[in-house]
Peer 1: 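Got a structure for you, written out below as structure tokens; questions coming shortly.
Just so it is clear: chains get the letters A, B, ... in the order the sequence lines come, proteins before strands, and each one is counted from 1.
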Amino acid sequence: MTEQNEITQVIQSRIEKLNWFIENGYKPFEYRFDKKDAIHDIIERFEKEESEFPVSTAGRITANRIMGKAGFFDITDVSGKVQVYIRKDQIPEQDFEVYKHLDVGDFAGVTGTMFRTHKGEISILCKSIILLTKSLHPLPEKWHGLKDKELRYRKRYLDLLVNPEVKEVFITRSRIINSIREFLNSRNFLEVETPMLQFVPGGAAARPFKTHHNALNSEIYLRIAPELYLKRLIVGGFEKVFEINRNFRNEGMDRNHNPEFTMLELYQAYADYNDMMLIVEDLFINICETLYQKKELAFNEFPNINLAKPWKRISMEDSFEEFAGFSVKNKSITELQAMLEEKDKVKQEKLGKVIEKLFEVFVQPKLIQPTFITDYIKDSSPLTKVHRNDDRLVERFEVFIAGMELGNAFSELNNPWDQKERFEEQVKDLEAGDDEAQRMDYDYVNALEFGMPPTGGLGVGIDRLIMFFTNAPSIRDVILFPLMKPEI
RNA sequence: GGGCCAUUAGCUCAAUUGGCAGAGCAACUGACUCUUAAUCAGUAGGUUGAAGGUUCGAUUCCUUCAUGGCCCA
């Protein structure tokens with residue numbers, strides 16, 4: 001209990017029961033229990049055998065129906081829930097006293113034999129019971145659960161405790177990440193870990209979190225992306241690497257953004273962005289088939305999103321003609337800026353940024369089925385190779401599903417002189433006040449000078465991917481402890 | 001950053017035109033040896049998010065603040 005909690009009537013009664021255990025020689029916070037059986041397993045075994053067998057299990061009491069000299073209570077562990085039937089004439093006298101001093105929320109250990117009640121419910125006939133941990137607070141209401149979103153995010157343990165579908169989301173999250181690892185390992189990608197603390201925060205257009213290293217007496221940043229380190233590893237001779245880990249961006253929060261979020265980045269030598277598209281298709285299909293044994297699923301208001309390949313590929317410029325009903329090719333930057341300001345009250349200087357903003361407004365919401373948008377304007381993508389057929393463009397794509405951006409990939413720029421010039425352009429923007437512009441990273445340029453083979457790179461926002469596969473409306477529903485403002 | 005909405009018992013929610021702060025679950029006491037949202041009888045539980053203001057009187061109207069949600073940027 002913390003200082004902010006008052007002793008309410010309910011808590012007082014639980015403290016009195018806790019004291020009863022102490023006075024009678026029990027430990028209200030036991031050391032261990034020999035839990036032999038997971039609840040799911042004993043129910044499954046009884047369904048098969050339909051015979052009485054002894055069990056020893058433990059979990060949290062989640063319901064209690066006491067009837068004088070007998071009672072039924074539900075005990076829940078991570079695998080499931082089982083009903084326990086306890087009657088005074090079947091257990092030591094003192095154990096029934098123990099039962100009477102238990103509350104919903106307490107952890108208990110139970111031994112007994114499996115049987116089926118007259119009403120047909122598979123249950124444990126209790127032979128002994130022990131309190132393992134006393135719970136001092138009442139659980140949220142058994143019927144309505146915990147609905148208040150603020151409480152659910154701040155006290156996620158309660159949300160997990162009383163809302164079973166929340167537990168399912170995070171189990172699915174783990175399964176998805178496992179399946180990504182298996183997919184990449186099976187293709188001989190090496191999982192690596194690169195620095196979270198970086199002196200030059202690079203690899204993305206974002207504002208970093210700044211902190212201070214005491215021993216070096218130096219400013220240091222939380223990473224906004226692992227990109228520049230992963231590509232150093234390609235210089236170092238690894239040919240396929242990936243990292244699944246946290247990025248930090250000092251930006252606002254909404255249903256698609258949390259300041260810390262999980263990113264998959266992978267790099268493959270001798271590959272280009274076309275190869276990355278093939279990986280994205282296979283990766284998503286692999287996840288979907290692992291989870292649901294099919295290639296279609298519903299997300300949000302879209303009942304049928306079909307992941308069967310090949311996914312649509314269309315260039316950024318062409319996408320306007322197809323989805324927005326106008327062309328950007330024959331328009332001057334001034335015309336495009338005017339359109340953007342009219343629609344969005346936003347002013348952007350560079351052609352690439354103007355077109356991307358227009359794209360966000362006019363095209364992105366219409367990209368429901370999986371779509372690769374390819375070939376961005378050069379000035380907004382400083383780490384990307386110039387397009388082999390059009391030097392106004394770069395070889396970059398982003399992948400969209402259900403109007404949501406889920407990934408970003410390039411043919412990686414590996415010409416050190418070109419890279420240096422692009423950084424210099426970015427530094428000019430930074431000095432002109434664009435706080436998302438990238439910084440000069442001489443060490444990275446130096447690495448490229450040693451030679452990086454042609455390389456394809458891909459980044460996938462894991463939280464959004466999990467939103468998609470679990471049909472979650474907000475990123476806060478797929479992050480266990482989303483960032484919240486402190487109370488008071 | 002802007003707009004709208006919310007905040008009442010541990011939880012889920014009420015409260016008519018501004019007129020005694022209410023229910024269900026949880027808790028407590030009693031009855032009850034096959035219940036499962038157990039049942040029956042009774043009891044207790046509130047600084048109505050915070051601070052001001054208007055008023056004889058504020059959960060209700062006004063202002064500011066805090067936190068959250070939704071939408072927009």
Side-chain angles (χ1 to χ4, degrees), chain A residues 1-2 4-18 20 43 60-76 81-91 93 95-96 99-106 112 114-126 134-159 161-163 207 251-258 300 340-348 357-358 360-361 364-365 403 472-477 482-488:
Chain A
M1 207 173 0
T2 55
Q4 63 184 335
N5 286 319
E6 294 172 34
I7 306 287
T8 63
Q9 194 184 39
V10 184
I11 295 169
Q12 186 56 42
S13 116
R14 285 171 179 243
I15 292 173
E16 281 164 18
K17 287 181 189 169
L18 185 150
W20 178 90
I43 289 176
R60 197 188 282 270
I61 296 173
T62 48
N64 192 13
R65 301 174 286 282
I66 190 163
M67 296 171 301
K69 298 188 182 66
F72 292 89
F73 60 93
D74 293 344
I75 188 165
T76 303
K81 181 174 85 176
V82 68
Q83 174 174 270
V84 182
Y85 181 36
I86 187 165
R87 43 186 293 164
K88 205 172 177 178
D89 60 9
Q90 292 281 326
I91 53 169
E93 198 175 317
D95 280 25
F96 201 76
Y99 170 61
K100 288 204 288 194
H101 288 85
L102 293 176
D103 290 297
V104 170
D106 291 352
M114 298 303 291
F115 79 111
R116 199 182 277 273
T117 64
H118 297 159
K119 294 277 172 65
E121 177 157 351
I122 297 169
S123 307
I124 299 173
L125 178 61
C126 185
K134 196 73 190 156
S135 169
L136 296 175
H137 292 287
L139 294 183
E141 210 236 12
K142 62 183 174 185
W143 192 241
H144 298 94
L146 186 66
K147 288 189 171 174
D148 185 292
K149 285 197 180 177
E150 182 173 0
L151 257 182
R152 289 182 45 213
Y153 296 143
R154 286 190 195 279
K155 296 190 188 292
R156 181 70 87 182
Y157 50 93
L158 290 180
D159 192 24
L161 219 50
V162 299
N163 297 327
R207 264 176 292 171
E251 291 163 357
M253 297 131 74
D254 61 31
R255 70 178 188 285
N256 285 314
H257 296 86
N258 194 62
N300 217 336
L340 181 60
E341 280 190 68
E342 186 191 342
K343 180 76 185 174
D344 225 20
K345 301 179 189 71
V346 177
K347 188 155 175 65
Q348 288 289 345
K357 277 283 172 193
L358 285 169
E360 279 178 33
V361 175
Q364 183 172 337
S474 165
I475 199 167
R476 286 185 157 179
D477 296 320
L483 187 69
M484 303 287 281
K485 272 200 198 179
E487 292 172 290
I488 305 165

Peer 1: With C1' as the reference atom in both, quote the distance from B:A44 to B:U36 in angstrom, rounded to an integer.
Peer 2: 27 Å
Peer 1: Out of B:A27, B:U67, B:U35, which has the shortest distance to the side chain of A:Lys485?
Peer 2: B:U67
Peer 1: Please report the distance, rounded to the nearest Å, between CG in A:Asp148 and C1' in B:G49.
Peer 2: 12 Å
Peer 1: Hey, is the main chain of A:Pro138 close enough, under 3.5 Å, to the side chain of A:Asp103 for a donor-acceptor pair?
Peer 2: no
Peer 1: With a 4.5 Å cut-off on side-chain heavy atoms, are A:Phe73 and A:Leu102 touching?
Peer 2: no
Peer 1: Check A:Ile86, A:Ile75, A:Val104 against A:Asn64 for a side chain to side chain contact (heavy atoms under 4.5 Å, CB included) and give me the one that passes.
Peer 2: A:Val104
Peer 1: Rounded to the Å, how far apart are A:Asp254 CG and B:G69 C1'?
Peer 2: 13 Å
Peer 1: Can you measure A:Ile124 atom CD1 to B:U36 atom C1' for me and round it to whole angstrom units?
Peer 2: 15 Å
Peer 1: Heavy atoms from C-beta onward define the side chain here; which of B:C11, B:C34, B:A38 lies closest to that of A:Thr117?
Peer 2: B:C34
Peer 1: Side-chain N or O of A:Ser13 versus OP1/OP2 of B:C28: is the shortest distance under 4.0 Å?
Peer 2: yes
Peer 1: Can you check the A:Lys100 NZ to B:U29 P distance for me, whole Å?
Peer 2: 10 Å
Peer 1: Stacking check: are the rings of A:His118 and B:C34 less than 5.5 Å apart at their centres and under 30 degrees in tilt?
Peer 2: yes
Peer 1: Could you check which of B:A44, B:G68, B:G10 has an atom nearest any side-chain atom of A:Pro138?
Peer 2: B:G10
Peer 1: Could you give the CZ-to-P distance, from A:Arg156 to B:G68, as a whole number of Å?
Peer 2: 14 Å
Peer 1: Taking B:C25 as the reference, what is the distance to B:U39 when you measure between their P atoms (whole Å, please)?
Peer 2: 7 Å
Peer 1: Counting runs of three or more consecutive pairs, Watson-Crick or G-U wobble, with each distance below 3.5 Å, where are the stems of RNA chain B?
Peer 2: B:1-7 with B:66-72, B:10-13 with B:22-25, B:27-31 with B:39-43, B:49-53 with B:61-65
Peer 1: Roughly how far apart, to the nearest Å, are B:U8 and B:A50 at atom C1'?
Peer 2: 15 Å
Peer 1: In whole Å, what separates the P atom of B:G24 from that of B:U67?
Peer 2: 36 Å
Peer 1: Salt-bridge test for A:Arg65 and A:Asp74: reply yes if a basic N is under 4.0 Å from a carboxylate O, no otherwise.
Peer 2: yes
Peer 1: Roughly, in whole Å, what's the span from CD in A:Glu150 to P in B:G49?
Peer 2: 13 Å
Peer 1: Starting from P on B:U36, measure out to CD1 on A:Ile61 and report it in whole angstrom.
Peer 2: 19 Å
Peer 1: For A:Ala70 and A:Tyr85, which heavy atoms make the closest approach, and how far apart are they?
Peer 2: CB-CE1, 4.2 Å
Peer 1: Determine the interatomic distance between C1' on B:G49 and the same-named atom on B:U43; round to the nearest Å.
Peer 2: 30 Å
Peer 1: Touch check for A:Leu139, heavy atoms < 4.0 angstrom, all strands: base, sugar-phosphate only, or nothing?
Peer 2: nothing
Peer 1: Think A:Arg87 has a side-chain N or O under 4.0 angstrom from the OP1 or OP2 of B:U33?
Peer 2: no
Peer 1: Measuring to OP1 and OP2 of B:C71, would you say a side-chain N or O of A:Arg255 lies under 4.0 angstrom away?
Peer 2: yes
Peer 1: Hey, does the side chain of A:Arg87 reach the backbone of A:Cys126 with a donor-acceptor pair shorter than 3.5 angstrom?
Peer 2: no
Peer 1: Please determine if a side-chain N or O atom of A:Arg476 lies less than 4.0 Å away from the OP1 or OP2 oxygen of B:G69.
Peer 2: yes
Peer 1: Are the side chains of A:Ile15 and A:Lys134 in touch, meaning some heavy atoms are under 4.5 Å apart?
Peer 2: no
Peer 1: Judged by atom type as modelled, is there a donor-acceptor pair below 3.5 Å linking the side chain of A:Arg14 to the main-chain atoms of A:His137?
Peer 2: yes
Peer 1: Looking only at the side chain of A:Val10 (C-beta and beyond, no hydrogens), which of the listed nucleotides B:C28, B:C34, B:A27 gets closest?
Peer 2: B:A27
Peer 1: Think A:Lys142 has a side-chain N or O under 4.0 angstrom from the OP1 or OP2 of B:G24?
Peer 2: no
Peer 1: So, A:Arg60 side chain and A:Gly105 main chain: donor-acceptor pair closer than 3.5 Å or not?
Peer 2: yes
Peer 1: Check whether any side-chain N or O of A:Lys147 sits under 4.0 Å from OP1 or OP2 of B:U12, and answer yes or no.
Peer 2: no
Peer 1: To the side chain of A:Gln83, which of B:U35, B:U12, B:A27 is closest?
Peer 2: B:U35
Peer 1: Figure out the CZ/C1' separation between A:Arg152 and B:G69, and round it to whole Å.
Peer 2: 12 Å
Peer 1: What distance, rounded to whole Å, do you find between the two P atoms, one in B:A37 and one in B:G42?
Peer 2: 24 Å
Peer 1: Which one, B:C71, B:U35, B:G45, comes nearest to the side chain of A:Phe72?
Peer 2: B:U35
Peer 1: P atom, B:G45 versus B:G22: distance in rounded Å?
Peer 2: 13 Å
Peer 1: I'd like the P distance from B:C34 over to B:U47, given in whole Å.
Peer 2: 42 Å
